[in-house]
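These numbers come from the heavy atoms of this one structure, side chains and all, not from hydrogens, waters or symmetry mates.
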Amino acid sequence: MLNLERWLGAALFDRRGRRLEPTVAGRVLAGELRDAFDRMAGAVERARPEAGRKLVVSAPPTMTLHWLVPRLTGFLRQYPDIQIQLNNRRDRAHALPGGVDAAIRRGRGGEPHLVETPFMKEAVTPLRAGPLRRRPASIDSLARETWLTADMRPDDWQRWLAVAGVPHLQPRASLGFDHTYLAVEAALDGLGIVMGPRYLMQEELEAGRLVALFPEVLAPADDYFFVHDKQRSADPAIATLRAWLQAEGQAHEARIRA
């Protein structure tokens, strides 16, 4: 370690007795090396004879829980030779984190080495736990409610309020969460109103676990994209999953419009 520090010309750790605390340089190096090692591990895994049948797929937790997992049984039954490993690892700097074969993301990242295929639209609208005993008299009545917010989708409320024509409306109280799925769970527990992803919540709406307060007022949100490296475009497992997602997304949109 000391030789590495001499070569770099920077200390990687603060040495305090027997304790080692990483310096700023140490944390930067660790982050860069972690991504590099993940990519190396992914390359080695893909080079193995059976690797073409296994895909590590990163997806947002809300998408995973409410849309993807309920449909995966059908995919695995249709394509038993393809193994799927899901994780929710995210990299704000890159649409495709290290060690991941493909990802589902909201919005287009625009990285030139990646293929980004849209497979389903999204919109947001206020949702609360069902059953709805009485319809709110007006959108202004939302000011008497507790609004549930998510750090991962910080602009959803303002986007919807602008579409609804009440951009300056404020809540009686608000409750924040880091992830959308936690805000949705809070809404299901009756803690307030969540600005929820309409397409992902279809099953909850049909089952009456959630109700849309103003279903006719929808604010467009980022589409869902399937993302992978251009060099993997001909990979049969990647191509199969991409086509399946497109078909499922189109069928889901048609079901909502019906």
Side-chain angles (χ1 to χ4, degrees), residues 31-123 150 152-153 178-181 197 199-203 221-254:
E32 295 293 335
L33 289 179
R34 186 182 302 114
D35 187 61
F37 284 134
D38 283 344
R39 291 185 181 277
M40 290 169 60
V44 170
E45 181 66 22
R46 289 191 294 272
R48 296 172 58 188
E50 297 298 314
R53 300 179 185 174
K54 179 180 179 181
L55 293 178
V56 179
V57 181
S58 171
T62 309
M63 156 62 74
T64 300
L65 290 171
H66 290 277
W67 195 87
L68 185 57
V69 166
R71 289 166 172 76
L72 270 184
T73 299
F75 176 86
L76 297 175
R77 186 165 51 240
Q78 189 174 357
Y79 305 103
D81 292 338
I82 300 178
Q83 303 175 42
I84 301 292
Q85 178 181 329
L86 295 175
N87 69 46
N88 63 358
R89 179 173 181 184
R90 306 192 71 174
D91 184 340
R92 293 185 181 275
H94 304 286
L96 198 64
V100 168
D101 297 300
I104 292 174
R105 290 290 177 263
R106 290 191 305 112
R108 192 184 298 275
E111 295 179 59
H113 66 288
L114 298 180
V115 176
E116 299 173 305
T117 305
F119 67 89
M120 192 171 71
K121 296 185 180 300
E122 187 55 279
M152 299 304 294
R153 304 178 68 127
D178 54 351
H179 285 286
T180 306
Y181 76 91
Y199 284 69
L200 294 190
M201 295 299 116
Q202 176 66 13
E203 277 70 26
D222 291 331
D223 293 349
Y224 296 101
F225 286 78
F226 180 64
V227 182
H228 61 84
D229 196 287
K230 284 183 178 179
Q231 296 181 353
R232 302 288 300 277
S233 295
D235 184 314
I238 291 280
T240 297
L241 181 57
R242 181 177 62 235
W244 178 81
L245 283 170
Q246 288 179 292
E248 288 291 321
Q250 291 169 6
H252 191 61
E253 288 182 18

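- A heavy-atom distance below 4.5 Å is not found between the side chains of Thr117 and Leu245.
- Side-chain atoms of Glu253 come within 3.5 Å of backbone atoms of Lys121 as a donor-acceptor pair (strictly under, hydrogens ignored).
- A distance-only check finds a donor-acceptor pair linking the side chain of Glu116 to the backbone of Gly109 [under 3.5 Å].
- In this structure, Tyr199 has no side-chain hydrogen bond (donor to acceptor under 3.5 Å, both in side chains) partners at least two apart in sequence or on a different chain.
- Of all non-hydrogen atoms in Asp223 and Glu122, the two that sit nearest each other are OD1-N, 4.0 Å.
- A search for side-chain hydrogen bond (donor to acceptor under 3.5 Å, both in side chains) contacts involving Arg106 returns nothing, not counting sequence neighbours.
- Inter-residue side-chain proximity for Glu203 and His66 is flagged as unmet; no heavy-atom pair is nearer than 4.5 Å.
- By the 30° and 60° cut-offs, the orientation of the rings of Trp67 relative to His252 is perpendicular.
- With rounding to the nearest 0.5 Å, the separation of CD in Gln78 from OG1 in Thr240 is 9.0 Å.
- In this structure, the side chains of Arg242 and Asp235 stay at 4.5 Å or more apart for every pair of heavy atoms.
- Thr180 and Thr62 make their closest contact through CB-OG1, 3.3 Å (heavy atoms, listed as atom of the first residue, atom of the second, distance).
- In this structure, the separation between CD1 on Ile104 and CG on Asn88 is 12.5 Å, given to the nearest 0.5 Å.
- Ring-plane geometry between Trp244 and Phe75 is classed as perpendicular, the angle between the planes exceeding 60 degrees on a 0 to 90 degree scale with a lower cut at 30.
- By the side-chain hydrogen bond (donor to acceptor under 3.5 Å, both in side chains) test, Ser58 is found to be paired with Arg105, residues two or more places apart in sequence or in another chain being considered.
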